[in-house]
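Given the structure is predicted, the values throughout are model-derived calculations rather than measurements.
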Amino acid sequence: ERNQADVSEAKAGRADLIFLIRFRHCCLLRNQRCLLAYLYDRLLRIRALRWEYGSVLPNTVQFHMSAEEVEWFNRYKKSLATYMRSVGGEEGLDLTQDIKPPKSLYIEVRCLRDHGEFEVDDGTTILLKKNSQHFLPRWKCEQLIRQGVLEHVLS
């Protein structure tokens, strides 16, 4: 507002205010760039939260977000889900499953509790009994690892 008032005076003939007007204007532009960089950084961090935590954010994280950021997160979540359903055939493709590419397609796992029969892609069935160890496809047993039925054995 002060700059606009000084611009009016400068148009009326006060040329000494031009440098002050330019200085203020440059400061405003700098502050605008800093604010946009800060908001963009927060946006990237919120996007990374979807990949880290999944589709539901913990309350401790959501508490530190504004209503607009939560709304943006929900729209991003829906957009990502729509895209994942559109690729990969009937079931879709879960892109959030492996954040880092696996070193091998098969992993060694140990059963933590009795689970019963488990069918592998080639039609082979494996009996998952407590304390038994198996060499299975990573993508096939990741869900059981998350459920606590299997644990990844690191050699």
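- Residue Ile46 is grouped with residue Tyr40 when hydrophobic side chains (ILVMFWY) are merged at heavy-atom distances under 4.5 angstrom, including chains of intermediate members.
- In terms of hydrophobic clustering, with Ile, Leu, Val, Met, Phe, Trp and Tyr side chains grouped at heavy-atom distances under 4.5 Å, Leu127 and Leu112 are assigned to different clusters.
- Separating the CD atom in Glu151 from the CZ atom in Arg113 is a distance of 12.0 Å, to the nearest 0.5 Å.
- Considering CD of Glu68 and CH2 of Trp72, their distance stands at 14.0 Å, rounded to 0.5 Å.
- Surrounding CZ of Arg30 are at most 12 heavy atoms belonging to other residues, nucleotides or ligands under 6.0 Å away.
- The neighbour count for Asn59 CG, taken as heavy atoms of other residues, nucleotides or ligands under 6.0 Å away, does not exceed 12.
- Hydrophobic cluster of Val149: the remaining members, joined at side-chain heavy-atom separations below 4.5 Å, are Ile107, Val109, Phe118, Val120, Ile126, Leu128, Leu136, Leu144, Ile145, Leu150, listed by chain and number.
- Shown here for Ser104 and Arg138, the closest heavy-atom pair between the two residues is O-NE, 3.3 Å.
- Distance check, rounded to the nearest 0.5 Å: OG of Ser79 to NZ of Lys77 gives 12.5 Å.
- In summary, of the residues considered (His25, Arg24, Arg22), a side-chain hydrogen bond (donor to acceptor under 3.5 Å, both in side chains) with Asn3 occurs for Arg24 alone.
- In plain terms, the two heavy atoms of Val153 and Gln133 that are nearest each other are CG2-NE2, 3.5 Å.
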What verdict does the side-chain contact (heavy atoms from CB on, under 4.5 Å) test give for Cys141 and His152, after you've listed the backbone C-alpha separation in whole Å, the side-chain angles of each residue and the deciding distance to 0.1 Å?
CA-CA 9 Å; Cys141 58; His152 185 184; over 6 Å; no

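- In this structure a side-chain-to-backbone donor-acceptor pair under 3.5 Å is present from Asn74 to Val70.
- Here the shortest heavy-atom pairing between His64 and Arg42 reads O-NH2, 3.1 Å.
- Closest heavy-atom contact between Leu49 and Phe73: C-CE1, 4.3 Å.
- We find the CG-CG distance between Leu44 and Leu39 to be 11.0 Å, quoted to the nearest 0.5 Å.
- Residues Leu43 and Tyr76 are members of one and the same hydrophobic cluster, defined by side-chain heavy-atom contacts under 4.5 angstrom among Ile, Leu, Val, Met, Phe, Trp and Tyr.
- One distance of note links CD1 of Ile21 with CG of Asp16; it measures 9.0 Å at 0.5 Å rounding.
- Residues Ser55 and Arg50 meet the side-chain proximity criterion, which asks for heavy atoms closer than 4.5 Å.
- Follow the hydrophobic side-chain contacts under 4.5 Å out from Leu28 and you never reach Ile18; the two are in separate clusters.
- Put simply, Leu29 and Leu20 are part of two different groups of oily side chains (I, L, V, M, F, W, Y) that touch within less than 4.5 Å, one to the next.
- Taken to the nearest 0.5 Å, the CD atom of Glu117 stands 5.0 Å off from the OG1 atom of Thr125.
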